[in-house]
Protein chains: 4
Amino acid sequence: MTPAPPETRQGGRVRSEAARLAILEATASEFAARGYEHLTIEGIAAAAGVGKQTIYRWWRSKGDLVAEAVLEDRLLGERFHIPDTGDLRSDLESWLGAVFDMLAGPQGEGLLRSLIAAAADNADIGLRLRERIAGEGVAGGADDAASAESAEPSVTDRLRSAVTAGELPTRAPVAEIAELLVGAVILRALSRTGGDREAVARLVAAVVD
Amino acid sequence: MTPAPPETRQGGRVRSEAARLAILEATASEFAARGYEHLTIEGIAAAAGVGKQTIYRWWRSKGDLVAEAVLEDRLLGERFHIPDTGDLRSDLESWLGAVFDMLAGPQGEGLLRSLIAAAADNADIGLRLRERIAGEGVAGGADDAASAESAEPSVTDRLRSAVTAGELPTRAPVAEIAELLVGAVILRALSRTGGDREAVARLVAAVVD
Amino acid sequence: MTPAPPETRQGGRVRSEAARLAILEATASEFAARGYEHLTIEGIAAAAGVGKQTIYRWWRSKGDLVAEAVLEDRLLGERFHIPDTGDLRSDLESWLGAVFDMLAGPQGEGLLRSLIAAAADNADIGLRLRERIAGEGVAGGADDAASAESAEPSVTDRLRSAVTAGELPTRAPVAEIAELLVGAVILRALSRTGGDREAVARLVAAVVD
Amino acid sequence: MTPAPPETRQGGRVRSEAARLAILEATASEFAARGYEHLTIEGIAAAAGVGKQTIYRWWRSKGDLVAEAVLEDRLLGERFHIPDTGDLRSDLESWLGAVFDMLAGPQGEGLLRSLIAAAADNADIGLRLRERIAGEGVAGGADDAASAESAEPSVTDRLRSAVTAGELPTRAPVAEIAELLVGAVILRALSRTGGDREAVARLVAAVVD
DNA sequence: GTGTAACCGAGACGGTACGTCCTGTCTTAGG
DNA sequence: CCTAAGACAGGACGTACCGTCTCGGTTACAC
């Protein structure tokens with residue numbers, strides 16, 4: 001497969017990778033420290049040791065910048081672990097409990113809400129947010145092939161294996177079940193409603209009979 | 001001896017209801033016009049013909065102000081209609097389809113995302129957002145009694161009647177089913193994923209078997 | 001005499017005289033320190049402990065600001081002394097020599113050139129610059145009456161007294177003589193041409209026969 | 001004393017005359033269009049179709065660049081015509097009137113003030129400005145020999161011929177008279193004071209009897 | 001011929017300052 | 001004592017240029 005022909009550039013200094021990385025690094029750390037609302041381009045530029053114009057040259061808005069940081073796994077890098085004990089219900093409860101525990105913790109408190117605010121600005125962030133929690137994006141792509149083979153299985157992977165194992169009917173709407181659970185997580189994050197053991201059990205029961 | 005006799009002493013001007021209403025009105029229209037992010041106190045004050053201090057005297061933040069506007073039903077005033085044909089599945093599909101149609105429309109496009117951004121700031125907005133769509137808040141209160149008697153039934157009402165009618169098992173987690181569906185709506189709003197007929201059917205199928 | 005009717009102001013905080021003075025003070029000191037070209041609004045605001053908007057609210061440009069500082073005698077406050085020995089020629093030579101000595105000095109070096117640059121921007125500065133050196137503005141006003149009575153006579157005053165004393169013909173163009181001499185000072189400031197004793201003598205000779 | 005041997009330059013492209021001319025051309029037209037204050041190196045480079053570095057390689061500052069453009073007669077190219085009718089006074093009045101007319105015109109309005117601002121930055125510009133108007137620099141040099149023979153006589157030339165013709169005394173300070181008149185022009189340009197016929201007459205009268 | 005060194009256009013870089021907008025506080029005059 | 005008006009210190013916005021630093025590409029002299 002031949003690579004795409006290079007853009008017709010006539011001279012000019014090339015983009016500094018060091019600056020790009022420093023900016024994304026700074027964006028991630030400022031985001032974690034202050035949240036999306038109180039994130040400032042000036043603060044990021046200062047933290048990255050970069051001129052403001054270098055940011056505006058490559059990103060059109062705060063939202064685009066955060067989106068790229070999220071896409072590069074600088075925020076929300078890890079998926080949540082889901083076990084595979086053979087009992088789908090208890091596995092989902094473990095996973096959902098872990099997610100709610102993270103939300104209840106000091107770090108997760110604002111982080112998810114900030115990501116939600118960012119997603120309200122920028123579509124890419126919304127898509128990625130969903131993918132990171134559920135383990136599957138809207139449209140399958142090269143990344144999904146890679147993630148399907150990764151050591152750490154996602155909720156969606158677990159649901160698919162449940163179909164194979166006969167725990168769920170063959171035509172069960174796997175992607176939608178994951179979507180509903182992630183949606184519930186987001187809704188509870190927005191309303192600051194924690195999830196105790198009973199709530200988790202009821203949510204899981206609602207989607208897996 | 002003070003010159004002012006007690007009886008002529010002014011007790012102080014009372015809060016102007018006209019100003020309060022104008023501010024909430026202006027908040028709602030500015031919110032609809034510009035979204036939560038680009039809402040400004042100065043803009044609201046100017047649109048309401050009011051001094052900034054009058055806003056700061058009674059509300060502590062932009063979030064509080066929007067929350068009160070939402071709570072007074074100036075935004076998101078109507079619940080979404082859900083029919084009762086005796087077939088829960090098709091009734092839920094009708095309702096969910098109507099919600100997604102609203103989101104796809106020009107008005108709903110940004111409105112829900114702005115409300116989500118507002119909810120990320122302010123817990124009350126998140127709770128109210130959930131209640132407005134699903135028809136039930138987290139904790140039952142006086143309002144629920146009123147809404148139960150209102151002419152327009154909510155999704156939660158419909159689910160409860162399904163339990164009574166035997167369409168759902170007696171111990172079905174009604175509130176959580178509504179929560180999951182509302183969460184899915186919010187997640188799709190964030191990721192700009194529309195809901196076609198098949199997607200709606202699958203989401204409903206996932207929660208009502 | 002009744003005062004002019006007050007502007008129809010309805011409420012609003014009144015302009016802070018402290019801020020106004022601090023700004024003019026800072027303008028003068030920054031001007032002296034850096035010159036007109038390298039004067040910055042941000043620098044003035046910082047030095048005055050004032051927000052930038054407070055400057056932009058009352059002055060439209062750097063030129064206007066410097067103009068007001070000059071008009072308030074914060075720069076170029078003193079006129080140059082001219083003696084009255086009865087010999088006009090030697091008196092003018094004393095005065096002109098003093099002006100050139102000032103220019104040759106460390107302070108005067110850049111100050112006049114900066115004022116010239118400022119005057120190229122702003123008409124008021126040009127007028128005031130002329131008045132400060134020559135002792136007379138273009139159009140006589142209330143200020144001139146005051147200055148005519150001031151203890152320190154200006155070049156123009158000295159020329160007028162020369163007319164009275166018969167040193168100059170009755171119809172001698174007094175204002176124009178002063179103008180020519182001030183113009184020569186400015187021209188030499190621009191071309192960094194100092195004025196030695198002979199040059200001073202020749203300039204004076206050219207205007208007083 | 002032998003000068004240091006020239007560096008052994010081996011190879012290397014020679015300076016592009018086309019680029020040099022395009023830069024000076026662009027400098028002149030941008031200067032005329034925007035004035036000295038709003039002249040930018042980037043604007044000149046773009047207008048000349050040249051990289052910024054090509055400018056910085058050969059000129060140290062905006063002032064140097066403008067100075068060279070002025071020295072090459074790209075600005076202020078023509079001297080002002082002075083007739084020789086045998087009547088010095090009326091000849092000077094013609095000349096001075098023409099200069100003031102130029103200043104009053106749309107082109108001259110800002111041009112001289114911009115040159116003055118440039119001169120405040122750069123000594124060469126000040127010297128050249130004086131020479132261009134009066135027809136003589138401070139120190140006689142090779143250029144003066146050339147100008148003395150040029151077809152168009154300068155004010156200084158006219159004054160010198162007046163000495164020869166006996167209109168002025170032998171020891172009249174010719175250079176200083178020109179200097180005073182040029183200075184008055186600059187002063188009036190700075191203070192936006194036009195010169196009507198009477199003012200011109202009085203200025204001339206002040207220096208020639 | 002062929003290096004090679006200095007030039008060229010282009011344009012990204014770290015910065016500084018611009019002039020605007022908005023924040024939350026304060027100070028007026030007036031009901 | 002509330003209200004409309006609006007000035008205040010502060011801070012961030014997004015833009016324009018500064019002067020420097022690469023880039024790939026082009027001469028033109030020295031070998």
Side-chain angles (χ1 to χ4, degrees), chain A residues 9-16 18-20 22 38-46 48-58 60-62, chain B residues 9-16 18-19 38-46 48-58 60-62, chain C residues 6 8-16 18-20 22 38-46 48-58 60-62, chain D residues 7-16 18-19 38-46 48-58 60-62:
Chain A
R9 281 190 61 261
Q10 43 179 21
R13 188 174 176 171
V14 295
R15 178 173 184 179
S16 160
R20 193 187 137 262
H38 301 107
L39 199 61
T40 69
I41 299 281
E42 291 204 336
I44 293 169
V50 140
K52 277 199 289 179
Q53 194 58 51
T54 300
I55 296 181
Y56 284 109
R57 200 180 343 265
W58 303 107
R60 277 191 301 173
S61 66
K62 200 170 69 168
Chain B
R9 190 178 59 79
Q10 303 236 88
R13 189 174 175 175
V14 294
R15 177 174 183 180
S16 160
H38 302 107
L39 200 63
T40 68
I41 299 282
E42 289 205 335
I44 292 168
V50 139
K52 280 199 293 179
Q53 192 59 267
T54 303
I55 296 180
Y56 282 109
R57 199 185 327 276
W58 303 108
R60 273 190 303 173
S61 68
K62 198 170 73 169
Chain C
T8 53
R9 281 188 64 259
Q10 45 179 18
R13 187 175 178 172
V14 87
R15 178 173 184 180
S16 160
R20 193 187 136 262
H38 302 106
L39 199 63
T40 69
I41 299 281
E42 291 205 335
I44 293 169
V50 141
K52 277 199 291 180
Q53 195 58 51
T54 301
I55 297 181
Y56 285 109
R57 196 177 352 261
W58 302 109
R60 276 191 302 173
S61 65
K62 199 170 71 168
Chain D
E7 289 223 2
T8 54
R9 266 188 78 261
Q10 52 173 22
R13 188 175 177 172
V14 295
R15 177 174 185 180
S16 160
H38 303 107
L39 200 62
T40 69
I41 299 282
E42 290 204 336
I44 292 169
V50 139
K52 280 200 291 179
Q53 192 59 265
T54 302
I55 296 180
Y56 283 109
R57 189 174 295 116
W58 303 109
R60 276 190 303 173
S61 67
K62 196 169 73 168

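Any value given below was found using the heavy atoms of this structure, including those in side chains, with hydrogens, waters and symmetry copies removed. Quick note on labels: first sequence line is chain A, next is B, and so on, each numbered from 1. Quick caveat: nothing in here was measured; it's all calculated off a predicted structure.
- Counting to the nearest Å, the C1' atom of E:dG9 and the CD1 atom of D:I44 are 17 Å from each other.
- Under the side chain to side chain contact (heavy atoms under 4.5 Å, CB included) criterion, B:S61 pairs with B:D64, not counting sequence neighbours.
- For A:W58, a side-chain nitrogen or oxygen approaches OP1 or OP2 of E:dC13 to under 4.0 Å.
- For the pair D:R15 and D:W58, the cation-pi criterion (under 6.0 Å, within 45° of the ring axis) is fulfilled.
- Taking 3.5 Å as the limit, the base of E:dC7 and the side chain of D:R15 contain no donor-acceptor pair of atoms between them.
- Taking atom CZ on C:R13 and atom C1' on E:dT25, their separation rounds to 8 Å, with Å as the unit.
- When the salt bridge (Lys or Arg N to Asp or Glu O under 4.0 Å) test is applied to C:K62, no partner is found at least two apart in sequence or on another chain.
- Listed by chain and number, the residues in a side chain to side chain donor-acceptor pair (under 3.5 Å) with C:Q53 amount to none (sequence neighbours excluded).
- The side chain to side chain contact (heavy atoms under 4.5 Å, CB included) search around C:A22 returns C:A48, not counting sequence neighbours.
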Q: Do nucleotides 14-20 of chain E as a string where each nucleotide becomes B, S or -: B if the base has a protein heavy atom under 4.0 Å, S if just the sugar-phosphate does, - if no protein is that close.
A: SB-SBBB

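- Between C:G12 and A:V14, the one whose closest nucleotide on DNA chain F sits nearer the 5' end is C:G12.
- The side chain to side chain contact (heavy atoms under 4.5 Å, CB included) check on B:S16 picks up B:A18, B:A19, with sequence neighbours excluded.
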